[in-house]
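Count residues from 1 along the sequence. Every value quoted in this text rests on a predicted model; they were computed, and no experiment measured them.
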Amino acid sequence: MSSKYDVLVIGGGNAALCAAISARRGGASVLVLEGAPKFYRGGNTRHTRNMRCAHDAATEILTGPYTEEEFWQDLLLVTGGQTDEDLARHMIRESKDILNWIVEQGVRWQPSLGGTLSLGRTNSFFLGGGRAMLNALYLTAERLGVDVEYDAEVTDLVIEDGMFLAARLKRPIKGETEIRATSLVAAAGGFEANIEWLKQYWGEAADNFLIRGTPYNRGSILKMLLDKGVQEVGDPTQCHAVAIDARAPKFDGGIITRHDSVVFGIVVNKHAQRFYDEGEDIWPKRYAIWGRLVAAQPDQIAYIIFDSTVVTSFMPTLFPPIAGQTVAELAGKLELDPAALEKTITEFNAAVRPGTFDHTILDDCVTEGITPPKTHWARRIETPPYLAYPVRPGITFTYLGTRVNKEARMLMADGKPSANMFAAGEIMAGNVLGKGYAAGMGMTIGSVFGRIAGREAAKHARN
């Protein structure tokens, strides 16, 4: 390993690898510093399944067109307009090329999944999932001559007047060293695994959060950059947070702990009260609001309640549902007040109006006369056994990050672009995602801005 490179990439997931490959193909010498051991390399990419890209026509893996304008409208909807429009539209435009570019780097697609995901037209699924995708990118990077160092904890960044000079790192066996580089690409994720940092904004509630992904995304690189004059972007309380099984591990539970059953039943808190419309919109546009909704409930716990008629309608998860032959029996197992749960379900059933059920569209199965309403997919819960999943907030990644421009170049606090520092992936996702989420967008942000960051970092190094 040399101590001087053209491009230094800090991070080891999708964004980092896209940047490293792009920079290497641009003629630069590249070093990737991954803070995790080799087995756990890749950050949150290991737990992903798909990517959302604009495309003009159906393909072998996608059932129809997904235009740039439709992608923009979806992003506008989930963020409530809290996005940098120029940057977001730039990302969407660039995403059209990523579908083919990522295949050129060795990644393979499979036909999209159906069911509640409803993503067959909009999202491309990785054959073998995120880990297979990641392995393909590492293989390509190594074949191209990218150097990779694992267990490489960056302890300091030497930055002067908006220019990166060197990174100091600590390694378990090789000890401390300093790496100098002409350009820096920061792709080291958010701070979701740093519970103490989360508690600064969420208070004691953060102790009840589960972290869906890597325990290595502690935000140390993000903090260094912000402390050294990089302009921040995003609300520190905003994040990609979904409802995951309360029985999941504290870290790294991944995709198999997520629940996609919300639209088929009701969700109640510890007082057996409903608190939000379970049928507000198509699931991929709403699944990422449920983590924050549960986080706002007492003790950050909730329960998805449904009956035996829908058990084959959604993706099964790692943990089986909790069952009861009566509502009271189920309540007892959940440690809920049986009378309160029976009252909630009885009132919900009475409010359901008949319609034609179709979970792939905004159907006409609604409730009347209760608050909150269920505006689609409302069906009576009346066929035993009655079933439930306990859920807690599962944080995927945080949106506080570094502000960038269309070149993925970081902007300094005075608004001027950095001389040689670029960012990609979750560490800058807040530029596009002010709040909310739609399935596959994280990988789009990582791939698009990773490719741009690597290209521009190599161009700077060559010049």
Non-hydrogen side-chain atoms of [X] and [Y] separated by less than 4.5 Å:
| X | Y | result |
| --- | --- | --- |
| Thr140 | Leu17 | no |
| Val310 | Trp377 | no |
| Ile221 | Leu225 | yes |
| Pro37 | Tyr216 | yes |
| Leu137 | Gln105 | yes |
| Leu169 | Arg171 | yes |
| Val9 | Val146 | no |
| Leu134 | Phe126 | no |

Item to check | side-chain contact (heavy atoms from CB on, under 4.5 Å) involving Asp364 - partner list, sequence neighbours excluded | outcome: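 Thr356.
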Can you see whether [X] engages [Y] through a side-chain donor-acceptor pair at a distance of less than 3.5 angstrom?
| X | Y | answer |
| --- | --- | --- |
| Ser22 | Arg451 | no |
| Asn349 | Glu382 | no |
| Asp252 | His47 | yes |

How far does [atom1] of [X] sit from [atom2] of [Y], to the nearest 0.5 angstrom?
| X | Y | atom1 | atom2 | answer |
| --- | --- | --- | --- | --- |
| Ser308 | Gln325 | OG | CD | 8.5 Å |
| Leu341 | Leu330 | CG | CG | 6.5 Å |
| Cys239 | Leu400 | SG | CG | 11.5 Å |
| Phe275 | Ile266 | CZ | CD1 | 10.5 Å |
| Asp363 | His359 | CG | NE2 | 10.0 Å |
| Leu433 | Leu75 | CG | CG | 6.5 Å |

Does any N or O in the side chain of [X] come within less than 3.5 Å of the main-chain N or O of [Y], such that one atom is a donor and the other an acceptor?
| X | Y | answer |
| --- | --- | --- |
| Arg52 | Ala439 | yes |
| Lys374 | Gly265 | yes |
| Thr48 | Thr45 | yes |
| Lys333 | Ala323 | yes |
| Thr257 | Ile244 | no |
| Asn217 | Gly43 | no |
| Ser95 | Ala54 | yes |
| Arg392 | Ala248 | no |
| Glu278 | Val267 | yes |

Verify the neighbour count for atom [atom1] of [X]: are there more than 12 heavy atoms of other residues, nucleotides or ligands below 6.0 Å?
| X | atom1 | value |
| --- | --- | --- |
| Lys223 | NZ | no |
| Arg121 | CZ | yes |
| Glu104 | CD | yes |
| Lys170 | NZ | no |
| Arg353 | CZ | yes |

Next on the checklist: Ring-plane angle category for Trp283 and Trp290, please: parallel below 30°, perpendicular beyond 60°, tilted otherwise.
Outcome noted: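 Aromatic pair Trp283/Trp290 classed tilted.
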Over all heavy atoms of both residues, which pair between [X] and [Y] is shortest? Give the atoms and the distance, please.
| X | Y | value |
| --- | --- | --- |
| Asn50 | Gly440 | OD1-CA, 3.4 Å |
| Pro372 | Asp277 | CB-N, 4.0 Å |
| Pro236 | Phe191 | O-CZ, 3.8 Å |
| Lys285 | Leu77 | CD-CD2, 4.2 Å |
| Cys18 | Gly446 | CB-O, 4.5 Å |
| Val432 | Thr83 | O-OG1, 2.6 Å |

Checklist entry - Picking from Phe264, Tyr389, Tyr386, what satisfies ring pair (Phe, Tyr, Trp, His ring centres under 6.0 Å) with Phe306? => result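 Going through Phe264, Tyr389, Tyr386 one by one, the ring pair (Phe, Tyr, Trp, His ring centres under 6.0 Å) with Phe306 is satisfied by Tyr389 alone.
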Item to check | Pair Tyr40 + Tyr150: ring centers closer than 6.0 Å | outcome: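 Ring-ring flag for Tyr40/Tyr150: false, centres at least 6.0 Å apart.
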Next on the checklist: Are Phe125 and Trp109, when compared by the centres of their aromatic rings, separated by less than 6.0 Å?
Outcome noted: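 Centroid separation for Phe125 and Trp109: 6.0 Å or greater.
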Item to check | Residues Glu280 and Arg286 bridged, charged N to O under 4.0 Å | outcome: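 Salt bridge flag = yes for Arg286 with Glu280.
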Checklist entry - Would you call Glu69 and Arg89 a salt bridge, taking side-chain N to carboxylate O under 4.0 Å as the test? => result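 Salt bridge flag = yes for Arg89 with Glu69.
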Checking [X] now: which residues fulfil side chain to side chain donor-acceptor pair (under 3.5 Å) with it, not counting sequence neighbours?
| X | result |
| --- | --- |
| Gln82 | none |
| Thr309 | Asp307 |
| Lys343 | Glu347 |
| Asp245 | Arg247, His259 |

Next on the checklist: Is there a side-chain contact (heavy atoms from CB on, under 4.5 Å) between Thr398 and Glu192? Walk through the geometry before answering.
Outcome noted: CA-CA 6 Å; Thr398 46; Glu192 64 277 358; 3.7 Å; yes
Checklist entry - Under 6.0 Å from the six-membered ring centre of Phe39 and within 45° of its axis: does the NZ or CZ of Arg131 meet both? => result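 Yes; both conditions hold, so Arg131 lies above the ring face of Phe39.
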Checklist entry - Does Arg274 make a cation-pi contact with Phe348, if we ask for NZ or CZ under 6.0 Å from the ring centre and within 45° of the axis? => result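 Verdict for Phe348: no cation-pi partner in Arg274.
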Next on the checklist: For Leu144 and Val30: C-alpha separation, side-chain torsions, deciding distance, then whether side-chain contact (heavy atoms from CB on, under 4.5 Å) applies.
Outcome noted: CA-CA 10 Å; Leu144 290 172; Val30 182; over 6 Å; no
Checklist entry - Which residue, Ile322, Val268, Ile301, forms the side-chain contact (heavy atoms from CB on, under 4.5 Å) with Leu334? => result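 Per the side-chain contact (heavy atoms from CB on, under 4.5 Å) rule, the option paired with Leu334 is Ile322, out of Ile322, Val268, Ile301.
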Checklist entry - Checking side-chain contact (heavy atoms from CB on, under 4.5 Å) for the pair Leu184/Ile10: CA distance, chi angles, key distance, verdict? => result CA-CA 8 Å; Leu184 169 72; Ile10 302 178; 3.7 Å; yes
Next on the checklist: Set out, in order, the CA-CA distance, both residues' side-chain angles and the distance that settles side-chain contact (heavy atoms from CB on, under 4.5 Å) for Met133 and Ile102, then state yes or no.
Outcome noted: CA-CA 9 Å; Met133 182 257 196; Ile102 207 85; 4.1 Å; yes
Checklist entry - What residue pairs, at least two apart or across chains, pass side-chain hydrogen bond (donor to acceptor under 3.5 Å, both in side chains) with a residue in residues 427-448? => result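 Checked against side-chain hydrogen bond (donor to acceptor under 3.5 Å, both in side chains) - neighbours excluded - the pairs reaching residues 427-448 are Asn14-Ser447.
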